[in-house]
Amino acid sequence: MKKLLPYLLVSPYLLHVAVFVAFPVVFSVVLTFHSWNIISPMQYVGLANYERLFNDRLFWQAIWNTLRFLMVHIPLQILLALMLAELLNRTVRGASFFRAAFFLPVIVSGVVVTILWQQLLSFNSGIINRMLTAISLPRVAWLDDPAVAMYSIAVMATWKNVGLYVILFLVGLQSVPEQYYEAADMEGATSWQKFRFITLPIINPTIFTVVVLSTISGFSLFIEPYIMTEGGPMNTTLSAVMYIYKQAFQYYHMGYSATLGFCFALIILFVVVIQKRYVEQEV
Amino acid sequence: MAEVLLKHISKAYAGGPTVIRDISIDVKDREFVVLVGPSGCGKSTLLRMIAGLEDITNGDLLLDGQRINDRAPKDRDIAMVFQNYALYPHMTVYENMAFGLKLRNMPKDEIRQRVTRAAQILEIESLLDRKPKDMSGGQRQRVAIGRAIVRNPKVFLFDEPLSNLDAKLRGQTRIELQKLHRDLQATMIYVTHDQVEAMTLGDRIVVLRNGDVMQHDTPLALYNQPANRFVAGFIGSPPMNFLPGRIVADGTALRFESAGGAVSIRLNGSVHQQALAAYAGRAVELGIRAEHLTDQPMNRQRSYFSPEQLIVFDAVERMGSETLAYFILEGQRFVARLSGDSTVDTSVGVSTFWDIDKAHFFDADTEQTIR
């Protein structure tokens, strides 16, 4: 009994891991070697799914779309979050109001935010285009121009998530002892030099955390294009996750979808490992 | 030349209390001045005002005759060593020391020269490639001082630089700081709450309390001629013994009578007689240092006061070089400093001898020394 008790105590957690983590992972790996449409029994197809993946231009376009999204979304998000955090870290009046205001979009449902932005970005009736016309600039097809659509989504996703990273950066900034800045004042550092040579290196671990978190959350881009553009125009906003979803639940290519997901997970892992090497280096 | 002059300096926070009240101090060229006082006395604030990290509400701060109230910290030619060292954790020792010079766009060769020279003085050449987290407290302390030295400033400020070191290292560093002051020939202003540090380091000491200067003098003057009861009790270890009482005049006889009546000291013929005559009938407080309370009169030439009541020590600390014997008299804790080979013990009554000429009397109302 004494020997069993520890196992008994951790069993709920183990059960959870087994059902919701271990089994799905193993099952999806098994799936990648099969063809399955949920209704008929699985058929073993060997490496056929992988072969198909490498020749699937749409998948690689989805990956490229996602990377294009990340290239705008991550730098924008980090810069904006850092700037806002730096501003909020000073004793400004109403700082707690702004903190709450920036954080609000994070807790609002993604669907709601997306629909809201759909209105804002609408070609004919959107406020943004109306403002542009008001100052006699041409209207922009924010969501319908293949060259623009993904970046519009990147900006919107930044607006939605930036509050979370503002909070993370605020914690980071507040952990920098005031004496470092006073010492730098005595040494003659300007505000920018203090930021560049003291703040940035010291909050580097926070930056790394934010980069990884926003990369991972950015890779899972789905709701925004799914609702706003359905992957269009010309598949330019088709994200990798959205493509995987379509393969599974529109075409019922469960085996192929699992293969895509598996491959996509490896790509994310690869990117994060590279980030770790370059971003975390300085600490 | 680096002379710092504080003229009627005061500091008040907006809508808050006044933390520094009308302080005037002159720090002469190459002088080592220590600001000492209990926590909250304003000593650090004063130092930070000299550094330029706090605004001066009123008064003038002069460096070599020039008013520098409104100059940015970096333009004051003053370096400061912080209590927690404030070494940048992501930089090596070399980078930490070179940082300020780099910001001033000094040529690389000269930076290297200066850092190497400072590292030699402080004997930290082998640490130059280390980061702060890989060093002991004492080593970090040296680097923090090194960062100040490389700039070759007119004035060095130290904000409790030894308070994070253990007792042994503190003693060692104290001696090195003295040597450093001699070698650098620089003006130094040093803040501490530790009166031992103040006594051993300062050419002159400023004792502060609640934003006021209590006394500003050399260590020995503070020790031997404290201006008031606060300085008397603050400076010296073990602290001075105090006994409240009053001056009684009976014809020509002048006496100090303790409040509880256990001690009655004849003052006729003592050095205090003249000053205390004016206090007849008034409340005063007697202060006497531990070394002026002995179990045997060491100097036969002098007249000692010896209370009739035998003293029973309740604790005896044998240090080897001396013996500290504690007792309670009229509710006051007393300590006597006896010779190292003294055989006194607790729970045995002993006669004590008080060197009254070395004692001090304080006005009970103003707490000022009666002279």
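Small disclaimer: the values here were computed from a predicted structure and weren't measured. So you know, we letter chains A, B, ... as the sequences are listed, proteins then strands, and number each from 1.
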Against chain A, label Ile78(B) side chain, backbone, both or neither, depending on which of its atoms sit under 4.5 Å from a heavy atom there.
-> both

Residue by residue, scan residues 177-192 of chain A and write down, ordered by number, those that have a heavy-atom distance under 4.5 Å to chain B; if none do, write 'none'.
-> Gln179(A), Tyr180(A), Glu182(A), Ala183(A), Ala184(A), Asp185(A), Met186(A), Glu187(A), Gly188(A), Ala189(A)

For chain A, which of Val81(B), Asp75(B), Asn84(B) has the most heavy-atom pairs under 4.5 Å?
-> Asn84(B)

Test side-chain hydrogen bond (donor to acceptor under 3.5 Å, both in side chains) applied to His181(B) - qualifying residues, sequence neighbours left out | none

Counting only heavy atoms not in Phe197(A), do more than 12 fall under 6.0 Å of its CZ?
-> yes

For chain B, which residues of residues 212-225 of chain A have heavy atoms nearer than 4.5 angstrom = none

Under 6.0 Å from the CD atom of Glu123(B), do we count more than 12 heavy atoms belonging to anything else shown?
-> no

Got more than 12 heavy atoms from elsewhere within 6.0 Å of CZ, Arg104(B)?
-> yes

So does Asp129(B) have more than 12 non-hydrogen atoms from other groups sitting under 6.0 Å from CG?
-> no

Interchain contact, Ala51(B) with chain A, by part (heavy-atom threshold 4.5 Å) = both

Rounded to the nearest 0.5 Å, how far apart are NE2 of His90(B) and CG of Leu200(A)?
-> 9.0 Å

Using a 3.5 Å cut-off and no angle test, enumerate the donor-acceptor pairs between side-chain atoms of residues 68-81 of chain A and protein atoms at least two apart in sequence or in another chain.
| residue | atom | partner | partner atom | Å |
| --- | --- | --- | --- | --- |
| Arg68(A) | NH2 | Asn65(A) | OD1 | 3.1 |
| Arg68(A) | NH2 | Thr236(A) | O | 2.8 |
| His73(A) | ND1 | Thr158(A) | OG1 | 3.0 |

Does atom CZ of Arg67(B) have more than 12 heavy-atom neighbours from other groups under 6.0 Å away?
-> yes

Could you look at Arg48(B) and say if it's the side chain, the backbone, both or neither that has a heavy atom under 4.5 Å from chain A?
-> side chain

